[in-house]
Q: 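Before I ask anything, here is the structure I am working with.
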Amino acid sequence: MSELKNDRFLKALMRQPVDRTPVWMMRQAGRYLPEYRATRAQAGDFMSLCKNTELACEVTLQPLERYELDAAILFSDILTIPDAMGLGLYFEEGEGPKFRKPVRTEADIEQLQVINTASDLSYVTDAVSMIRRELQGRVPLIGFSGSPWTLATYMIEGQSSRDFARAKTMLYTQPELMHQLLDKLALSVIDYLNAQIVAGAQVVQIFDTWGGALSHAAYQEFSLAYMQKIVSGLIKQADGRDVPVILFTKGGGLWLEAMADTGCHALGLDWTMDIGAAKKRVGDQVALQGNMDPAILRADPATIEREVQGILASFGAGNGHIFNLGHGITPDIDPQHAKVFIEAVHKFSAN
């Protein structure tokens, strides 16, 4: 593997000094970029794009051609695991992901097999290997997965949901059944992320998109406990380096201390948290990633720059900040505004 030319992101994750705050964006390869839309049209649809090794590599690299980012993130989807479990993932234009065979009964859950990434999701690891080769050490590559709880919500509801009525009903009325599902998912995620690491991912992030929908006690039992299991089961070193793990629970500000105790290296913060307050709470235990509201990218350049300065000032001196949005960049954003954001991080954080 090529020698890493820019390891600013990895250093910040390990809370080591850097010359400026590293920056990347969740969903940086995506629909806000015209070149992404062109490649997706070429692929035919979203899942065909995910499953085409060359095109998945191409869209992963597209934002790095436009912007001076400090990391690349694998182009894929969090729902590849339930799809590999046979649930029939499909996407309807403007409606998000849906499953043809949602998981509703004990029999449904018993039929699910823990995935074997090598046979079930080789298109993902093939993409990781190709992206890592094509990067030639420019920046590190991030692999990722959804959290067990987040995957379970989609599998049970059959699609996106506002209130998670079916998933929460199972959680409260058949908790042992929910645990059975989450356990299979945790084992699948461990296998999946380890396969990405072996294929070349240098960092992994767990996206717990819907953990914030749970009560305090339910979060600990049904989301965090399984992320803890995953962190414990991951490959710790590859290429002679530690492989950092980032946990991101959207709406997870209540649980930062408990998340930091999992053994992860960094916490992703959404925009509802003050990063300075988060830093006071977790101290030097973990790095912090975040956490500008993606909606600010709709504002004028001066407003974007002020927001970047405010977040940098709130974090203050010291190591362990990775600048990011508090959630994914949305399709309506002008790519030029993303450039203003990235350049502002460079400008205002340089030592």
Side-chain angles (χ1 to χ4, degrees), residues 6 8-9 12-13 18-37 59-60 62-73 75 94 96 139 142 205 207-209 212 246 248-254 256 266-282 287-351:
N6 171 359
R8 195 177 284 125
F9 174 54
L13 283 168
V18 287
D19 57 341
R20 69 178 192 220
T21 303
V23 58
W24 68 280
M25 291 185 293
M26 290 188 272
R27 293 204 197 115
Q28 65 190 24
R31 288 178 292 170
Y32 74 106
L33 293 177
E35 55 268 40
Y36 167 84
R37 294 195 294 273
V59 295
T60 299
Q62 282 171 349
L64 301 178
E65 300 306 316
R66 266 188 187 261
Y67 310 123
E68 206 180 326
L69 293 156
D70 292 294
I73 182 165
F75 180 79
V139 292
I142 306 165
Q205 175 156 324
F207 284 88
D208 185 31
T209 313
I246 306 165
F248 174 65
T249 294
K250 185 166 175 270
L254 288 171
L256 298 182
L267 300 180
L269 304 176
D270 69 18
W271 65 88
T272 62
M273 275 300 302
D274 177 79
I275 197 164
K279 185 181 171 188
K280 281 195 182 80
R281 285 169 56 188
V282 297
L288 294 174
Q289 177 176 279
N291 62 332
M292 194 170 88
D293 185 349
I296 288 190
L297 295 176
R298 298 190 187 109
D300 60 280
T303 303
I304 296 168
E305 288 197 342
R306 272 198 307 276
E307 191 67 16
V308 167
Q309 285 178 282
I311 291 167
L312 288 168
S314 178
F315 185 87
N319 305 323
H321 182 200
I322 297 97
F323 214 116
N324 206 317
L325 303 175
H327 203 240
I329 187 169
T330 50
D332 59 305
I333 297 301
D334 180 343
Q336 192 57 35
H337 285 210
K339 188 170 200 262
V340 169
F341 156 58
I342 292 157
E343 290 182 349
V345 176
H346 297 164
K347 177 175 159 188
F348 298 118
S349 72
N351 290 336

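Sequential numbering from 1 along the given sequence is applied to the chain's residues.
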Q: Test of understanding: with ring-ring contact (aromatic ring centres under 6.0 Å, His included), list the residues that count as partners of Phe207, not counting sequence neighbours.
A: Phe144

Q: Is the closest side-chain heavy-atom distance between Thr60 and Ile73 below 4.5 Å?
A: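 No, their side chains stay 4.5 Å or more apart.
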
Q: side-chain hydrogen bond (donor to acceptor under 3.5 Å, both in side chains): which pairs involve residues 331-341, sequence neighbours left out?
A: Arg298-Asp332, Thr330-Asp332, Lys339-Glu343

Q: Please report the shortest heavy-atom distance between Thr21 and Ser349, naming the atom on each side.
A: N-OG, 3.0 Å

Q: Let's go through Ile342 and Leu69 carefully: what are the C-alpha distance in whole Å and the side-chain angles of both, what is the deciding distance for side chain to side chain contact (heavy atoms under 4.5 Å, CB included) to 0.1 Å, and is it a yes or a no?
A: CA-CA 7 Å; Ile342 292 157; Leu69 293 156; 3.6 Å; yes

Q: Is there a donor-acceptor pair closer than 3.5 Å between any side-chain N or O of Gln62 and the backbone N or O of Glu35?
A: yes

Q: For Glu68, which residues count as a side-chain hydrogen bond (donor to acceptor under 3.5 Å, both in side chains) partner, sequence neighbours excluded?
A: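 Per chain and number, Glu68 pairs via side-chain hydrogen bond (donor to acceptor under 3.5 Å, both in side chains) with Arg20.
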
Q: Measure from the ring center of Phe323 to the ring center of Phe315 and say whether it is less than 6.0 Å.
A: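 Between Phe315 and Phe323, which both carry aromatic rings, the centre distance is not below 6.0 Å.
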
Q: How close do Ile246 and Gly268 get, counting heavy atoms only, and between which atoms?
A: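 Where Ile246 meets Gly268 most closely, the heavy atoms are CG2-N, 3.9 Å.
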
Q: Can you see which heavy atom on Ile322 is nearest to which on Ala287, and at what distance?
A: CD1-CB, 4.1 Å

Q: Would Lys250 and Asp270 pass as an ion pair if we require N to O under 4.0 Å?
A: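 The answer is no: the pair does not qualify as a salt bridge.
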
Q: Determine whether Pro294 and Trp271 make a side-chain contact, defined as any pair of heavy atoms from C-beta on separated by less than 4.5 Å.
A: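 Yes, side chains in contact.
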
Q: Filter on side-chain hydrogen bond (donor to acceptor under 3.5 Å, both in side chains), then keep only pairs touching residues 315-325, sequence neighbours left out; what's left?
A: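 Every pair satisfying side-chain hydrogen bond (donor to acceptor under 3.5 Å, both in side chains) with a residue in residues 315-325: there are none.
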
Q: Quick one: which residue pairs count as a salt bridge (Lys or Arg N to Asp or Glu O under 4.0 Å) with a foot in residues 308-318, not counting sequence neighbours?
A: none

Q: Quick one: side-chain hydrogen bond (donor to acceptor under 3.5 Å, both in side chains) pairs with a partner in residues 22-33, sequence neighbours left out?
A: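 Non-adjacent pairs meeting side-chain hydrogen bond (donor to acceptor under 3.5 Å, both in side chains): Trp24-Gln289.
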
Q: Do you know the tightest heavy-atom contact between Ile275 and Gly290?
A: CD1-O, 4.1 Å

Q: Is any side-chain heavy atom of Asn291 closer than 4.5 Å to a side-chain heavy atom of Ile311?
A: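 The answer is yes, as the side chains (C-beta and beyond) meet within the 4.5 Å cut-off.
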
